[in-house]
Amino acid sequence: MKLTDSVQFLKGVGPKSVENFHKLGIFTVQDLLLYFPFRYEDFASRSVFELTDGEKATIIGTVVTPANVQYYGFKRNRLSFKIKEGEAVVAVSFFNQPYLADKVEVGKEIAVYGKWEQTKQQLMGMKVVAQVDDGLEPVYHLTAGMKQSQLVKVIHQVFESGLLSELPENLPEFLIEKYRLMNRQEAVLAMHFPEDMAAHKQALRRVKFEELFMFQLKLQALKNKEKSGRAGLQVIFEQEEIDKKISDLPFELTGGQSRALTEILDDMKSPYHMNRLLQGDVGSGKTVVASLSMYAACLANFQAAIMVPTEILARQHFANLQALFPELQISLLVSGLKAAERREILADLASGHTHMVVGTHALIQEGVDFYNLGLVITDEQHRFGVNQRKILREKGQNPDVLMMTATPIPRTLAITAFGDMDVSIIDELPKGRQPITTRWVKHEQFSEVLSWVKGEVANDSQVYFISPLIEESESLDLKNAEALFAELNDYFGLFAKIGLLHGKMKNDEKDQIMQEFKAKKLDVLVSTTVIEVGVDVPNATIMVIMDADRFGLSQLHQLRGRVGRGTKKSYAILVANPKSDSGKQRMKIMTETQNGFVLAEEDLKMRGSGEIFGLRQSGLPEFIAADLVNDYNILEVARQEAVEIFKKADEFPDLIAQVNVEGGFD
Ligand code: ADP
Ligand code: MG
């Protein structure tokens with residue numbers, strides 16, 4: 001037998017069950033060796049004194065009372081008896097296994113596997129263990145029609161055949177030594193049959209490292225291919241012109257902004273194709289960095305486009321760009337334009353008359369053509385799908401690409417999640433920002449909140465109220481917003497002017513409300529989450545979020561980021577009576593930290609990585625042992641080592657050959 005032989009040649013694998021093996025991704029004998037258990041049953045006996053509440057273990061003791069079976073109705077019953085384990089007398093119960101009474105004999109020893117209930121000093125029995133041996137029993141994922149015992153037998157067979165000794169090592173020796181890893185054969189054996197949990201831990205560490213290292217090597221291979229193969233645009237411009245614009249700004253760029261801008265401009269100047277992610281917490285000032293990059297493209301006689309998820313944001317960017325570059329031709333492309341207006345904008349884009357364009361999804365529609373698109377930016381990129389970003393990119397001849405996001409994630413994770421992209425991070429907020437004080441209050445305290453808000457409005461503050469989010473129901477969202485609007489009007493009466501903003505409004509209506517709020521003609525703005533992304537009104541200092549527990553952490557952080565943009569003290573008030581523990585936990589975390597990175601990490605832990613960056617849609621492989629979030633430290637080390645390997649590629653020809661992949665991740 002060889003490692004590459006099909007599993008169908010193994011004893012106990014018939015023509016039918018071979019299909020079940022295929023369903024689990026097991027085709028060859030080697031696949032079987034690498035099909036690891038997902039957990040272990042620990043049948044080794046323990047003393048009750050070591051057990052913690054809820055822990056599962058085997059206890060051996062002498063039976064001190066006869067078995068008593070109590071029936072509840074026809075099918076349900078409970079068998080109970082007591083055993084003495086050392087100095088402890090322990091109650092043991094089994095549900096619905098009355099036949100076990102035969103095995104319970106006063107004065108005899110018995111071994112029971114079960115779950116320890118600390119407060120009742122009781123073991124909820126799961127099975128009577130016939131033969132106690134020390135060691136962990138592997139438990140494998142199965143598919144329908146397959147039995148644990150069958151799989152275990154087949155796996156035993158492979159190990160007994162001695163084929164494990166033919167499994168080649170695939171990590172370089174120096175890495176095994178450097179990180180004190182088990183070698184591959186040892187690790188595979190210990191994954192299936194660990195001596196104890198400590199051995200299992202070591203095996204798992206090795207397996208995770210291997211998985212993440214191979215993955216990072218692939219990413220490096222991809223990146224190298226991209227850099228050498230695909231020529232991009234060379235954007236030639238005078239740095240002085242950029243510097244002049246920077247000195248015209250009403251503020252100084254932060255260090256983080258300057259660094260990010262330099263990285264972007266260097267990429268654009270280079271003959272390579274830029275593919276870069278710009279990360280920065282809410283309010284860190286990504287817009288101005290994007291604007292200056294667009295300016296550089298225009299100076300080099302290319303067109304630049306920025307795509308944003310909402311119309312409010314598009315209009316805001318448009319106004320900013322116009323103020324910053326009065327000498328340029330800038331267009332705004334959103335849906336719902338008059339036909340003639342749209343036609344003119346499209347003609348100007350196609351003829352090259354337009355230098356810059358800001359738009360929503362309207363930008364990626366058919367019929368939108370560019371003269372020479374040199375730079376493509378997506379703001380709040382997580383709001384767009386992979387395909388939408390691709391369509392925009394393909395409107396140019398291989399333009400430079402910049403994506404921006406306010407959902408900060410650790411750098412290595414970002415590089416991983418976004419495949420072969422480079423990453424820039426703005427890691428500081430502009431000077432003079434006051435921390436936002438965040439409070440969590442219950443609905444019962446809402447009237448106190450209102451009277452406090454009243455005082456603040458009298459003090460010239462402007463306030464957002466966010467109405468509760470109803471998942472996937474715009475009409476209910478609207479109802480909620482309207483009800484809140486009415487309630488606040490009742491409360492404030494003539495004292496405050498209140499506006500209402502929601503997703504069903506016409507664009508010019510939305511625009512008008514935003515303008516009024518910005519111009520301080522409104523004191524209070526009631527809004528659905530259309531306000532969530534990017535809106536910038538520095539004088540607004542209070543954000544009240546109703547039913548805040550319905551939002552995820554990242555979304556709450558984004559919402560909160562609408563305040564604290566000026567120099568005045570700002571507040572976020574979360575009104576919520578969460579029912580779930582995770583809801584309570586989210587409220588607590590929000591009051592404890594304002595650091596987007598910390599929040600994003602908590603969010604990751606609570607929701608899993610896939611949901612946050614759409615890992616699934618980016619086509620990343622699924623990992624068997626490793627987890628991108630929880631094994632972040634290993635991921636980082638694996639990445640560093642992979643980068644080093646590629647620097648000395650000629651020393652590792654075999655390794656490189658293994659990872660030379662077709663195609664990419666996007
Ligand atoms: P975000 O990164 O969330 O998109 P914005 O680009 O909207 O943030 O910037 C938030 C606010 O900070 C804007 O009012 C912007 O004008 C201002 N701003 C940006 N950079 C600076 C800076 N270096 N100093 C002071 N204010 C700045
Ligand atoms: Mg923004």
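What you are looking at is a predicted structure, and each value in this text was computed from that prediction instead of being measured. Atoms within each ligand, like the ligands themselves, are counted from 1 in listed order.
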Enquirer: Between Gln558, Arg433, Glu252, Glu428, which one has a non-hydrogen atom sitting closest to atom 12 (O) of ligand 1?
Expert: Arg433
Enquirer: Measure the distances from the heavy atoms of Ala406 to every atom of ligand 1 and state whether one is below 4.0 angstrom.
Expert: no
Enquirer: Among residues two or more places apart or on two chains, list those pairs meeting side-chain hydrogen bond (donor to acceptor under 3.5 Å, both in side chains) that have a residue in residues 247-259.
Expert: Thr254-Gln257, Arg259-Asp427
Enquirer: Tell me the contacting part of Ile426 for ligand 1: side chain, backbone, both, or neither, using a 4.0 Å heavy-atom threshold, strictly below.
Expert: neither
Enquirer: Is Asp523 reaching over with its side chain to a backbone N or O of Val457, donor-acceptor style, under 3.5 angstrom?
Expert: no
Enquirer: Does Gly280 have a heavy atom less than 4.0 Å from any atom of ligand 1?
Expert: no
Enquirer: Which is closest to atom 15 (C) of ligand 1 in terms of heavy atoms, Thr287, Asp536, Val289?
Expert: Asp536
Enquirer: Give the numbers and elements of all ligand 1 atoms closer than 4.0 Å to a heavy atom of Val282.
Expert: 3 (O)
Enquirer: Test your reading of the model: is there a side-chain donor-acceptor pair from Ser351 to the backbone of Ala347, 3.5 Å cut-off?
Expert: yes
Enquirer: Counting N and O atoms only, with roles assigned by atom type, does the side chain of Glu428 sit under 3.5 Å from a partner on the main chain of Gly255, one being a donor and the other an acceptor?
Expert: yes
Enquirer: Would you call Met356 and Phe325 a side-chain contact if the rule is heavy atoms closer than 4.5 Å?
Expert: yes
Enquirer: Provide the number and element of each atom of ligand 1 under 4.0 Å from a heavy atom of Thr254.
Expert: 23 (N)
Enquirer: Could you tell me whether Asp379 and Lys286 have a side-chain N and a carboxylate O separated by less than 4.0 Å?
Expert: no
Enquirer: Do the rings of Tyr464 and Phe517 sit parallel, tilted or perpendicular, given the 30° and 60° boundaries?
Expert: tilted
Enquirer: Determine whether the side chain, the backbone, both or neither of Arg565 has a heavy atom under 4.0 Å from any heavy atom of ligand 1.
Expert: side chain
Enquirer: Below 3.5 angstrom, do we get any N/O pair linking Gly285 and ligand 1?
Expert: yes
Enquirer: Does any N or O of ligand 1 fall below 3.5 Å from an N or O anywhere on Gly283, backbone included?
Expert: yes
